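Reviewing the structure listed below.
Here is how names work: the chains are called A, B, and so on, in the same order as the sequence lines, proteins then strands, and each is numbered from 1. Source: prediction; values computed, not measured.
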There are 2 protein chains.
Amino acid sequence: MNADWIEQFPGLSRLEPAIRDVLTRKSSIVTVREGSVIFGPGKSPENLLLLLDGRVRVQQVSEAGREIVLYRVEAGQSCVLTTACLLAHEGYSAEGIAETDVRAVAIPRTVFDDLIAQSVTFRTFIFTAYSKRITDLFQIIEDIAFQRVDIRLAQKLLDLERGTGQIKATHQQLAAELGTAREVISRQLGEFQRRGWIRQSRGAVELVEPDGLERLAALDAA
Amino acid sequence: MNADWIEQFPGLSRLEPAIRDVLTRKSSIVTVREGSVIFGPGKSPENLLLLLDGRVRVQQVSEAGREIVLYRVEAGQSCVLTTACLLAHEGYSAEGIAETDVRAVAIPRTVFDDLIAQSVTFRTFIFTAYSKRITDLFQIIEDIAFQRVDIRLAQKLLDLERGTGQIKATHQQLAAELGTAREVISRQLGEFQRRGWIRQSRGAVELVEPDGLERLAALDAA
DNA sequence: CGGGTTTGGTGACAACGTTACTGAAAGGTG
DNA sequence: CACCTTTCAGTAACGTTGTCACCAAACCCG
């Protein structure tokens, strides 16, 4: 199999040649359609995925049906936390959804284990990824517990705006991003619009004056 | 060194004899005084700790000084999430504190890495621990985001009561357990007391009628 | 005992969550 | 197109939680 993809992962570029060979031979490239559920309750992931293109959203869904986005996996990153959860933990209620069409390298569980055993570089790659994700989770906990919703929403709007000054998302989806209620988002966006920072339309938010949002977002844990 | 301690960790009892030998020879038993900060901002842990006795509380401290308890490590468990964070991530603001006098096996970073490389059993032990901790974190996020404070407090009181029907903790400490404010705890405990479920005294809560708390706690995500 | 510190109680208010309902916009179907 | 359905957004009222300001009681220590 073509091994060029390894260069897309900085942590793997120095992989030992023999390991590199195992990795490319025993993994496969998969594609997933936008909107597909990659893993979720009752659907354990069989592989470790390294994303080549696209984006995966990982979210927690409560029994009552409420959702909160935990993190996103972008191109060049791995779905590494799912490896821990491969171990099928009862209460594992997080799910991963392809936000775009996704192309990824799939590493089977057994190969993953071999690579961990045989390569220092691979171990470092995996544990570094863990580290990043876990500290991100700590940050989310802190934000939910202690941060004002208006500040978090401003940060999230700036975060979700990818180049275009536009965000395609319903109020409901933005509520799920922050783990709050739709009505709260509607109120806050209404306020942002009154201040002239954004313009709203059905299913989308246009950033008119990002500076206003930036100032609010910068208040952080003041 | 005496290797009896290995039997205290079910996941390690089947460790390959050679590995067992490495583990006992290259690790050491340490003791930590109650109240000591085991790791924290600017104090990376140098070892993986396996707790033989005692309890470690891991909490997140915000810039504004507010605290929230993330999880506890009990005897027979490992401080495994700290291994990920050994990798000194900038924003790593969690800290580990000995809640009691602690006796633990300390595995140096390099030995940890060797064991991961050489033993399937050890890998399984570590990744299982990861899995448990991470799903716990997901649960915390869900609780903070979606669960009512009175329900969470009732659950926490039942959780903290260890045998004795008494909990030694100030309202401020209970607030940190849930990531809320002291005043909120005072209000809720006042309500619990009016209902005859608890009796309050300075720095302690006595459970008079746990059944009442149980019923409330059971409402969960109803 | 006296004075400082820690802990807890409370009221007023702001922020956030919930419920219930409304209407507008988009999409599908004949 | 007209009609219906579904999705999305706005809003008011109210309950819960968080914040602020302040006070009082319990404890600590000299």
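Residue A:Glu183 contributes atom CD, which lies 14 Å from atom P of C:dC21 at whole-angstrom precision. Note: CZ (B:Arg182) to P (D:dA24) measures 15 Å, nearest angstrom. A straight line from CZ of A:Arg148 to P of C:dC13 spans 19 Å, rounded to a whole angstrom. B:Leu153 has its CG atom 15 Å from the C1' atom of D:dG18, to the nearest Å. Spacing between atom CD1 of B:Ile151 and atom P of D:dG15 amounts to 18 Å, rounded to whole angstrom units.
Each of A:Arg187 and B:Gln172 has a nearest nucleotide on DNA chain C; the 5'-most of these lies closest to B:Gln172. Both A:His171 and A:Ala145 sit near DNA chain D, but only A:His171 has its closest nucleotide nearer the 5' end.
Salt bridge present: B:Lys132 and B:Asp136 bring a charged side-chain N and a carboxylate O closer than 4.0 Å. Salt bridge absent: A:Arg187 and A:Glu191 never bring a charged side-chain N and a carboxylate O closer than 4.0 Å.
A donor-acceptor pair shorter than 3.5 Å can be found between the side chains of A:Gln77 and A:Arg133.
Listed in residue order, the members of residues 195-217 of chain A having a heavy atom less than 4.0 Å from DNA chain C are A:Arg202.
In the displayed structure, A:Arg55 atom CZ is contacted under 6.0 Å by more than 12 heavy atoms of other residues, nucleotides or ligands. Counting non-hydrogen atoms of other residues, nucleotides and ligands closer than 6.0 Å to CZ of A:Arg33 gives a total of 12 or fewer.
Evaluated for a salt bridge (Lys or Arg N to Asp or Glu O under 4.0 Å) with A:Arg57, the options A:Glu74, A:Glu99, A:Glu34 yield exactly one hit, A:Glu99.
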